[in-house]
Amino acid sequence: MVLETMAMERYANLGGDSGVAAYACRPDEIRLRFVDRPTIYVYTRRHPGMAHVREMQRLAKAGRGLATYINQHVRDDYDHAIE
């Protein structure tokens, strides 16, 4: 498990009410920080799987729909958290 620090991009939040604050993408994972906590959540091919990771990466880059997608499809199915 790689826990090194990655630069995170601010989530555009084009809808204006997202709980996602920032994200970082790698080919096989996405890391998310939410507005109400400092913990970084890492989603990978193991949890919740590459189909979800790819869609979350697409939504993160688009700046819209990521929190909704997480709430509807992924919830707490992340690989690990970085405190």
Side-chain angles (χ1 to χ4, degrees):
M1 180 180 338
V2 178
L3 298 179
E4 80 276 1
T5 305
M6 291 175 61
M8 303 209 46
E9 286 188 52
R10 188 171 146 237
Y11 181 62
N13 190 14
L14 298 176
D17 59 352
S18 181
V20 177
Y23 71 95
C25 294
R26 282 193 168 166
D28 60 348
E29 73 178 37
I30 184 168
R31 295 179 181 201
L32 300 175
R33 186 172 44 78
F34 295 93
V35 296
D36 60 347
R37 57 190 82 116
T39 303
I40 296 171
Y41 295 88
V42 184
Y43 300 84
T44 70
R45 67 177 59 252
R46 287 187 305 200
H47 291 281
M50 282 311 296
H52 289 300
V53 169
R54 295 274 184 254
E55 182 62 8
M56 292 166 67
Q57 289 173 335
R58 185 188 72 75
L59 293 168
K61 292 172 185 171
R64 181 184 296 268
L66 182 55
T68 299
Y69 184 86
I70 292 166
N71 287 331
Q72 291 177 351
H73 302 284
V74 178
R75 292 229 166 241
D76 296 328
D77 190 18
Y78 54 90
D79 188 87
H80 61 278
I82 302 169
E83 300 294 328

Atom pair CD/NE2 of Glu29 and His80 - distance to nearest 0.5 Å: 6.5 Å
Over all atoms of both residues, closest heavy-atom pair of Tyr43 and Leu32: CE1-CD1, 3.6 Å
Nearest heavy atoms of Val35 and Ala21, plus distance in Å: CG1-CB, 3.7 Å
Partner residues of Ala22 under the side-chain contact (heavy atoms from CB on, under 4.5 Å) criterion, sequence neighbours left out: Met8, Arg33
By ring-ring contact (aromatic ring centres under 6.0 Å, His included) - contacts of His47 (at least two apart): none
Partner residues of Tyr41 under the ring-ring contact (aromatic ring centres under 6.0 Å, His included) criterion, sequence neighbours left out: Phe34, Tyr78
Contact list for residues 48-59, test salt bridge (charged side-chain N to carboxylate O under 4.0 Å, His left out), sequence neighbours left out: Glu55-Arg58
Atom of Gln57, atom of Arg26 and distance for their closest heavy-atom approach: NE2-O, 2.7 Å
Rounded distance [0.5 Å steps], OG1 in Thr39 versus CD in Glu83: 4.0 Å
ring-ring contact (aromatic ring centres under 6.0 Å, His included) contacts in which one or both residues fall within residues 13-33, not counting sequence neighbours: none
All side-chain hydrogen bond (donor to acceptor under 3.5 Å, both in side chains) counterparts of Thr44, not counting sequence neighbours: Asp79
Nearest heavy-atom neighbours spanning Val20 and Tyr11: O-CD2, 3.5 Å
Let me have the donor-acceptor pairs involving side chains of residues 59-75, under 3.5 Å, with sequence neighbours excluded, atom names and distances please.
unit_1: Tyr69; atom_1: OH; unit_2: His52; atom_2: ND1; d: 2.6
unit_1: Asn71; atom_1: ND2; unit_2: Ala67; atom_2: O; d: 3.3
unit_1: Arg75; atom_1: NE; unit_2: Asn71; atom_2: O; d: 3.1

